[in-house]
Amino acid sequence: MGRDWIFVCATSELLPGESRVAWDGDTPILVVNLDGDYYALEDRCSHEDFELSAGALDPAEGSIECVLHGARFDVRDGRALCAPAYAPVAKFPVEVRDDGVWTRDDR
Ligand code: FES
């Protein structure tokens with residue numbers, strides 16, 4: 001899985017503070033624009049596999065909170081910031097080209 005880049009959306013559709021979900025095969029990927037920098041994480045909480053994209057993005061802190069039990073993750077590197085999650089979420093590469101945002105599951 002994941003040898004090819006997956007088109008997420010046009011850059012104009014992912015403004016600072018916004019997020020989008022794209023799929024690479026069976027992998028849901030949450031792509032976030034933080035002040036013009038793009039980051040991609042697996043859209044799956046490391047606590048109980050819930051979709052992180054259902055939760056609130058905090059652009060100031062650069063974190064996203066899982067809506068199920070309140071774990072927070074740093075969107076820049078996927079590390080868990082508070083219980084009940086301790087394991088990080090997988091981080092994926094992002095590329096911006098031709099006014100589009102691309103990502104892929106590179107595992
Ligand atoms: S599933 Fe995300 S905090 Fe429990």
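Just so you know, ligand 1 is whichever comes first in the structure, and atom 1 is the first atom listed for that ligand.
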Novice: Backbone N or O of P28 within a donor-acceptor pair of the D43 side chain at under 3.5 Å?
Specialist: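 No, D43 side chain to P28 backbone: no donor-acceptor pair under 3.5 Å.
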Novice: Side-chain atoms of residues 8-15: list all donor-acceptor pairs with protein atoms under 3.5 Å, sequence neighbours left out, distances to 0.1 Å.
Specialist:
unit_1 : atom_1 : unit_2 : atom_2 : d
T11    : OG1    : D99    : O      : 3.4
E13    : OE1    : A10    : N      : 3.0

Novice: Is the backbone N or O of G100 less than 3.5 Å from a side-chain atom of D98, with the two atoms forming a donor-acceptor pair by type?
Specialist: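 Between the backbone of G100 and the side chain of D98 there is no qualifying donor-acceptor contact (under 3.5 Å).
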Novice: Could you tell me which residues satisfy side chain to side chain donor-acceptor pair (under 3.5 Å) with E61, sequence neighbours excluded, listed by chain and number?
Specialist: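 Partners of E61 under the side chain to side chain donor-acceptor pair (under 3.5 Å) test: S63, R72.
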Novice: Please give the remaining members of the hydrophobic cluster of Y39, linking ILVMFWY side chains under 4.5 Å, ordered by chain and number.
Specialist: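 Direct or chained contacts put Y39 with V21, W23, L30, V32, L34, L41, L52, L57, I64, F73, V75, V89.
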Novice: Does any non-hydrogen side-chain atom of R107 lie less than 4.5 Å from one of T27?
Specialist: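 The answer is yes; the side chains approach within 4.5 Å.
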Novice: Closer than 2.8 Å to atom 4 (Fe) of ligand 1, which protein N, O or S atoms?
Specialist: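 Protein N/O/S atoms under 2.8 Å of atom 4 (Fe) of ligand 1: H47 ND1, H69 ND1.
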